[in-house]
Amino acid sequence: MSAPVRVRFAPSPTGFLHVGGARTALFNWLHARHTGGTFVLRIEDTDRERHNEEAVRAIYDGLRWLGLDWDEGAGKGGDYGPYYQSERGPVYERYLKILQDKGMIYEDAGALRFRSPRETVTVHDEVCGSIPFDLSNPGTHPDMTVRRPDGSWIFHFVNVVDDIEMKITDVIRGEDHLSNTPKHIELYKAFGAEPPRFAHIPLILNPDGTKMSKRDKGASVQGYVEQGYAPEAVRNYLCLLGWSPKDNREILPIGEIVKIFELKNINRRSAGFDLDKCFWMNGQYLIHMPLERFADLSLPFIEKAGIAYGTRDALLPALALVKEKVKHLTDVPGWIEFFFNDDYAYDEASVTKALRSEGALERLHVLGDRLTRVEPWTAESIESAFKDLAATLGIKTAALVHPARVAATGRSVGPSLYHLLELLGRDRVLARFTRTRDKFAA
RNA sequence: GACCCUAUCGUCCAGCGGUUAGGACACCGCCCUUUCACGGCGGUAACACGGGUUCGAAUCCCGUUAGGGUCGCCA
C-alpha cells in the first residue's frame, strides 16, 4: 500500500548546525529509522554564490557527531541527485516550464510569479491535525514569486520541486513553515503531484521563551562538542524536546527511542531549552557509559591539555577513578593531571586549609612513615592504615585524609583518596609527601 | 494589522470527563561519606483568566489575555 518512507533534512549552509536544525534532523532520522525508510540530506544553497565547503562541513560534522547518519544525499550520493540546490538549475527550469505551459506563471517587474488558484487549502498535519487555510484573498496571500529577475530561485519553489523529484513522502520540519504549507500544496497540485505527509514540529526556544538564534547560548551543536558533552547525551536530550515515551522514562538508549518513536506523539507546544537538564543528563551518560567509551570521548580533551599520559592503557585506570565525578569532558584533564605530573601545582586555598593548620605537616610525616609499612599496597589496606593511625593518635581520620590529599594531588577535591594513592604507587606517594613537607615547612 | 499554532510546577514531559494532578531538571532539608560528586529519603512549587456543556472538568466548546509563527524578489 503506502510507499517506503523517504524523509529529508534540508539545511542551508550557514556555517554551523543550529540545535533546532539538529532536532529537526533528529526527528527525521528517527522517523526514517523507525519505519525502515530512507533519510536524505539535501543542501539548500539557493543563494547566488555556490555553497562553500566549510559551511557544508559544519553540517556534516554536526550530524555525524550526533550519530545521525544519512542514507542518501550530499556527501553520500544516490539516485535522485544532485543534492545541492545550486546544481539543480536544469531541474527547476523543467518544472517551471510545466507551470508556464499551464499558464500558471506570469511576469511581474522581471520576476516570475505563480498564480494562486485562490482556493481554501487544508493542511493535514501529522502533529497539528487538519488546518484549513483560506487563500482566496490576494491582499493577504499574494501570488508567490518563484524566480527573481536575476534568474535565481525562490525557496518555496525549489523546495517543493526537490521534494517531488526526490520522492519525499514525509516532510518533517519546524513549525515556522506551517503557514507556508498551503502555498506548497498549491504547487504540488499545480504539478499534478501528490503532496507528502507533513509533520510540523514545535520550535525550540531560549529559556526566556524567545526564539533561539545563532548568537544564543547553546545554539550551536559545535558548542556542545567543544564544551565536552557526550553526543549520546545531547541527542537523548533533544529527543525529549517535544517528544516523550509517555511513561516518564527519560534516559533511553537511542535504539529504544527508534523503536517507540511516533510522529503522532510529538506535542504541539514550543519547548524552552533547559541547559541545566542537558548538563545533568550529560553527567548521567558519562557515569554510566563503558570505560572504553569514556576514554574515547576524553582523549581529545586530554591531548589538547597536553598531558603526557603515555599510553592509553596507562590512562584507563586514572579515568576509571574520575569517570563518575565528571560532568563535562572538558573537566577530565583537571581531574587526572596530577596522576601524570609529579610537579603538580598546589591550590592555595587547599594548602591553607589542609596543610597550614596546626600539626598538619607533622601528621603528614607520621602518616608517611606508617604508609611505608602498608602491605599489600591496595586501597583497602591503605584505608586501614589511615584509620588505625587516626585511632592511635586519637584524631579523626579526616585530619589525615585532607593533608594527604593535598600533598598527593595539590587539591582538596578529587577522586577517592585511597584508590588514588593505590594507583599512584607507594614510592610516588611518599615522594610527594616529602616534597610537600619540604615546600611548606618554612 | 490579518491569518495560523500554543497555553499543567521556574523549565521539560505525563494526564486525554471522576487522580491526594504524576515523573525529571533546578531549588531546599536530611541520610550516606575522606573531599567533590553519585546515590537514598523528604519538601517547596502548576492546571493563564472568564463564560458555557456535564451529575462531574486540567481534560470538551466559546471568548479574553499572553507567547510563538507566517504573511519577502530570506531560507
Side-chain angles (χ1 to χ4, degrees), chain A residues 10-14 21 44-47 85 108-113 123 125 127-129 131-135 137 139-142 144-156 158-159 173-183 200 202-205 207-211 237 240-251 265 267-281 283-284 286-288 322-327 331 335 350 353-354 383 386-387 390 396-406 409 411-421:
Chain A
S12 67
T14 55
E44 305 221 327
D45 54 345
T46 57
D47 295 324
Q85 287 187 331
D108 174 20
L112 299 182
R113 288 181 182 274
V123 176
D125 192 277
V127 342
C128 300
I131 307 160
F133 288 86
D134 178 3
L135 304 186
N137 183 352
T140 54
H141 297 89
M144 75 174 112
T145 304
V146 298
R147 193 175 204 180
R148 301 184 188 86
D150 69 359
S152 60
W153 303 94
I154 298 299
F155 161 78
H156 301 288
V158 295
N159 187 266
R173 63 194 354 175
E175 190 197 273
D176 48 341
H177 286 303
L178 182 58
S179 299
N180 293 146
T181 304
K183 295 197 291 191
H200 288 90
L203 269 18
I204 296 181
L205 272 24
D208 66 4
T210 56
K211 189 178 181 179
Y237 178 72
L240 263 23
L241 248 28
W243 174 88
S244 85
K246 306 285 186 196
D247 58 10
N248 283 341
R249 283 183 296 169
E250 295 198 310
I251 295 184
N265 285 340
N267 66 34
R268 303 166 71 168
R269 192 204 198 301
S270 307
F273 196 94
D274 186 354
L275 215 44
D276 279 341
K277 187 151 184 177
C278 189
F279 176 73
W280 165 80
M281 193 167 278
Q284 290 295 307
L286 260 21
I287 287 173
H288 297 295
V322 306
K323 186 161 92 73
E324 59 217 29
K325 310 276 184 181
V326 172
K327 290 292 200 68
D331 298 334
W335 282 92
S350 302
K353 202 161 173 236
E383 179 171 0
F386 268 75
K387 290 185 170 160
K396 294 202 288 189
T397 313
L400 294 174
V401 164
H402 297 306
R405 176 182 294 283
V406 177
T409 71
R411 309 166 45 169
S412 56
V413 299
S416 163
L417 179 68
Y418 308 126
H419 292 88
L420 146 195
L421 295 181

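A note on names: the letters A, B, ... follow the listed sequences, proteins ahead of strands, and every chain is numbered from 1.
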(Q) Between A:Arg148 and A:Asp150 (salt bridge meaning N to carboxylate O under 4.0 Å), is one present in this structure? (A) no

Nucleotide of [options] approaching [X] most closely (side-chain heavy atoms):
{"X": "A:Leu203", "options": "B:C74, B:C4, B:G68", "answer": "B:G68"}
{"X": "A:Lys277", "options": "B:G72, B:G23, B:C38", "answer": "B:G23"}
{"X": "A:Asp274", "options": "B:G68, B:C25, B:U35", "answer": "B:C25"}
{"X": "A:Glu250", "options": "B:U70, B:C12, B:U34", "answer": "B:C12"}
{"X": "A:Glu175", "options": "B:G68, B:C38, B:A26", "answer": "B:G68"}

N/O donor-acceptor pair under 3.5 Å between [X] side chain and [Y] backbone:
{"X": "A:Ser412", "Y": "A:Ser350", "result": "no"}
{"X": "A:Ser244", "Y": "A:Lys246", "result": "yes"}
{"X": "A:Lys327", "Y": "A:Trp280", "result": "no"}

Checking base pairs now: Watson-Crick or wobble, both atom distances under 3.5 Å. What partners [N]?
{"N": "B:G72", "result": "none"}
{"N": "B:U19", "result": "none"}
{"N": "B:A45", "result": "none"}
{"N": "B:A14", "result": "none"}
{"N": "B:C32", "result": "none"}

Look at all strands and tell whether [X] reaches a base, only sugar-phosphate, or nothing, counting heavy atoms closer than 4.0 Å.
{"X": "A:Ala398", "value": "nothing"}
{"X": "A:His177", "value": "base"}
{"X": "A:Gly242", "value": "sugar-phosphate"}
{"X": "A:Asn180", "value": "base"}

Quick check on [N]: is either OP1 or OP2 less than 4.0 Å from any side-chain nitrogen or oxygen of [X]?
{"X": "A:Lys183", "N": "B:C71", "answer": "no"}
{"X": "A:Gln284", "N": "B:G39", "answer": "yes"}
{"X": "A:Arg268", "N": "B:G68", "answer": "no"}
{"X": "A:Arg113", "N": "B:C73", "answer": "yes"}
{"X": "A:Arg269", "N": "B:A7", "answer": "no"}

RNA chain B nearest-nucleotide lookup for A:Ser179 and A:Asn248: closer to the 5′ end is A:Asn248

Let's test your reading of the model: under 3.5 Å, does the base of B:U35 pair with the side chain of A:Ser416 as donor and acceptor?
no

| How are the rings of A:His177 and A:Phe155 set relative to one another: parallel (under 30°), tilted (30 to 60°) or perpendicular (over 60°)? | parallel

Rounded to whole Å, CG of A:Leu420 lies from P of B:C36 at a distance of 15 Å

Separation of B:C27 atom P from A:Phe279 atom CZ, nearest Å, is 10 Å

Show me the protein contacts with nucleotides 45-47 of chain B, counting only N or O atoms at under 3.5 Å.
none

